[in-house]
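Following: one structure in structure tokens, then a few remarks.
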Amino acid sequence: MKRSSLFILSLLIILLSCHQGSYKEGERLYSAYCSNCHMDDGTGLAAINPPLLNADFLNADPLSLPCIIRYGIKGKIMVNGIEYDQAMVGYPKLSDAQINNLTNYIYQKFNYHHQDFSFKEIQDRLNQCQ
Amino acid sequence: MLKQSVYSLLVFCFLMTIFYGCQQKDNAPLPILGRETIVGKDTIPHKIPPFNFISQDSVVITNKTLSDHIYIADFFFTNCPSICPKVMKQMLRLHDAYQSKPTVKLVSHTLDPKRDSVAVLKRYANNLGVDQNKWLFLTGEKDELLDMADDYFVVAYEDEDAPGGFDHSGKIILVDKQGHVRAFCEGTDPKDVDDFFLDVDKLLAEYEEK
């Protein structure tokens, strides 16, 4: 009886720390790939690099982010009333799992009220990028 | 009772010395940075050498253009995927803070004149949304721009393995009306830039007192 409780407890601890790990991994990826242009606080740079913090562009279509991370984005876009026309490079070497972690980190960090996207949701979306 | 008073007095004097001493340190003028050259009997401090660049408005900019200003300089390029946006964010802070001080100008030099033409710099400056009489974005001959970085004590060189093709530091430099480098900070560190504001204020005060 005692042994099985201990086992369950260990399992819980491992599972909990794994969940914590996805934001930590997302944070690490954000720092390595995104913060140089979008800043640590997600505020971007004037009309050169758009903000991620409370960006209406992302709110309108939250699942647009994975494809942007992988393939970048070109052409004019409007974010919070400001026009941006500077191409963003993509990061095709990031895996589906890494993009999953990065997407969820960005949404939880910059005030979006979405539940984390599952790996399958992100993977399905990435398979449909144009 | 007497012992206690003497003790309190000593502590008070000690604190006043430190307080006064710190004040004096704050009042010391900004040094002139860089190696001096000795020519005969004269010691000549380091100075920004004569330069000739073009601004985003196609205006030729030389030392003479800036001779009646103190200016804040940095080196960047528009395709920079690494430190430049963060440094620009800090330069923006400085631009905004000194908007009401026409003596203060900002000068951003490109390291990549091949891609950063006058038109590209103009677009960049427009998108940054700044007062372009106050903030000049300069392009010109590549060798001259890279050599100039040296004179500003900014490490900058072409490196095809570096992100964007150039390796450079994010230093922000303060230059006085005589072309002397008086202070610098690390543009990627907002706290270092906080201290830099004090240096700019000090240099401004130096000219206002005269």
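Throughout, protein chains are lettered first and strands after them, A, B, ... in sequence-line order, and every chain is numbered starting at 1.
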Open item on the list: If you count heavy-atom pairs within less than 4.5 Å of chain B, which of A/Asn49, A/Asp85, A/Ile82, A/Leu45 leads?
Closed with: A/Leu45
Open item on the list: Are more than 12 heavy atoms, taken from residues, nucleotides or ligands other than B/Phe184, located less than 6.0 Å from that residue's CZ atom?
Closed with: no
TODO: Count the heavy atoms belonging to other residues, nucleotides or ligands that lie under 6.0 Å from CZ of A/Phe119, then report whether that count exceeds 12.
DONE: yes
What residues of [range] sit under 4.5 Å from chain A when you count only heavy atoms?
range                       : answer
residues 86-99 of chain B   : B/Lys86, B/Met88, B/Lys89, B/Leu92
residues 122-130 of chain B : B/Arg123, B/Tyr124, B/Asn127, B/Leu128
residues 75-85 of chain B   : B/Thr78, B/Pro81, B/Ser82, B/Pro85

Return a table of donor-acceptor pairs under 3.5 angstrom between the side chains of residues 44-56 of chain B and protein atoms on other chains or two or more places apart.
{"residue": "B/His46", "atom": "NE2", "partner": "B/Asp151", "partner atom": "O", "Å": "2.8"}
{"residue": "B/Ser55", "atom": "OG", "partner": "B/Asp57", "partner atom": "N", "Å": "3.1"}
{"residue": "B/Ser55", "atom": "OG", "partner": "B/Val59", "partner atom": "N", "Å": "3.2"}
{"residue": "B/Gln56", "atom": "OE1", "partner": "B/Phe137", "partner atom": "N", "Å": "2.9"}
{"residue": "B/Gln56", "atom": "NE2", "partner": "B/Gln132", "partner atom": "OE1", "Å": "3.1"}
{"residue": "B/Gln56", "atom": "NE2", "partner": "B/Trp135", "partner atom": "O", "Å": "3.1"}

